[in-house]
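Note that ligands are numbered from 1 as they come in the structure, with each ligand's atoms numbered from 1 the same way.
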Amino acid sequence: MFDFKTHFSTVLKGLEAEGRYRHFKTLERPVGRFPQATIHHKNGYKQNVTVWCSNDYLGMSHNPKVIAAMQSAAAAHGSGAGGTRNIAGTTSEMVELESLMAIHHGKEAALVFTSGYTANEGALGVLGKLLPNAIVFSDTLNHASMISGMRIGGCEKRIFPHNDIDALRAGLQAQPVNRPKIVAIESVYSMEGDISPLKDIVKLAKEYGALVYLDEVHAVGMYGPHGAGVAEREGVMADIDVIEGTFGKAYGVVGGYVAGNREVVDAIRSFASSFIFTTALPPAVLAAAATSVTHLRESNTEREAQRRVVNYLKKRFAETDMPYLKGESHIVPLVVGDAHCVKAVTDTLLEHYNIYVQPINYPTVPKGTERLRLTATARHSEADVDALVDALQELWSTHAIGHQQRA
Ligand SMILES: *Cc1c(COP(=O)(O)O)cnc(C)c1O
């Protein structure tokens, strides 16, 4: 009979041999010490570290107002929603948050999902299924959740090279005028640290009557005068048909959403499996998300502080000739180019410098482009940056890392 245990063990050994077995660190993130945290090692040792890989870019998960909103909503309305949205899960906190997100993005409606992942799966799945004979144009670096959504949608898909406007134009041009076309892109590409040419893409999509689907997961809270994303910053929010975002990254909570016109959002609500067949988020989570979004609509303090740290980090990398990817965004990737090597780098950073960065491996990025993905937050100090850059420089010079990139 089939030996399941041995089979899984062989698969896992293969991952280990390739250097991309995923080791998770147990992290304690005490409120008040962000971005410092404590790693609990298996042997009981507790190590204080500086975290350089968190998506809690603005430290909002430790914001006192956000925590208080979560606590008081839990005290008032309990720990769970009590059901799917179809069966008893639509709470007043949900209605308020959806109306806030519609206003936030200048749209008629918004729909909250349990995560950004399920929002992309649900929304792109519905678009692909409902639009007759549709074709979707997808940037080659789109996130796994978008790819999964397009697969669920099942319509024809054309992948265009990353941010390549000419290729996208050629693709759109080749299609019949009346065929429904979808352009699916992100604003901030979190593994490259770059930002899509949104204005140009929107203009092009308009020209060919294509629907624009924009993942702003790494941009909401971060860009634009109210933190509504790159589309807000670029003044093209009204031209984006569906904006998708998360409460889990800069907003510091959890959950995802889409915003758009009433009809498209209602269609997604009516047909998306990942929306319909799962328990709604608890009121406490929704109240915390609303508080975080509201705070960041009014306050630029966190965004400005984060920008300063990012700029300082990039300046130090430029001065020390480190091969970082020179994107425009707040994310700073440093390509190492080999799974074993990137793991050796992150292990050494942790062991000798008390710096925690998770290695980024295939399939998150292509093989041969394994990297560190450094995320400065509003709470890192210049001393934190200096410690990081000094450590990396030491590693780069003693271990001759990154030669493929420089050659
Ligand atoms: C993290 C991420 C998602 C998923 O969002 P979650 O709320 O974490 O599920 C979607 N798109 C992109 C580009 C992401 O990086």
Look at ligand 1 and say whether [X] reaches it with a heavy atom at a distance under 4.0 Å.
| X | answer |
| --- | --- |
| Gly248 | no |
| Gly256 | no |
| Lys249 | yes |

Is it true that [X] and [Y] make a salt bridge, defined as a side-chain N closer than 4.0 Å to a carboxylate O?
| X | Y | result |
| --- | --- | --- |
| Arg316 | Glu319 | yes |
| Asp56 | Arg29 | yes |
| Arg297 | Glu302 | no |
| Arg269 | Asp266 | yes |
| Arg371 | Glu192 | yes |

Considering only heavy atoms of [X], which atoms of ligand 1 have at least one such atom less than 4.0 Å away?
| X | result |
| --- | --- |
| Asp215 | 10 (C), 11 (N), 12 (C), 13 (C) |
| Thr246 | 6 (P), 7 (O) |
| Ser115 | 7 (O), 9 (O) |

With heavy atoms and a 4.0 Å threshold, my read on which part of Asn120 contacts ligand 1 is side chain
Note: Glu186, heavy atoms under 4.0 Å from ligand 1, region reported as side chain
Beyond-backbone contact of Cys53 with Val51, side-chain heavy atoms, under 4.5 angstrom:
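They are in contact (side-chain heavy atoms under 4.5 Å apart), so the answer is yes.
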Any heavy-atom pair between the side chains of Val188 and Ile331 that's under 4.5 Å? yes
inquiry  = Does the Lys NZ or Arg CZ of Lys206 fall within the cation-pi geometry relative to Tyr208 - under 6.0 Å from the ring centre and within 45° of the axis?
reply    =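 The answer is no; the distance or angle limit is not met.
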- Query: Backbone or side chain, does any N or O of Tyr117 fall under 3.5 Å from an N or O of ligand 1?
  - Reply: yes
*So is Gly116 polar-close to ligand 1, meaning N/O to N/O under 3.5 Å?*
yes
Closest to atom 15 (O) of ligand 1 by heavy-atom distance, out of Glu121, His218, Glu216, is His218
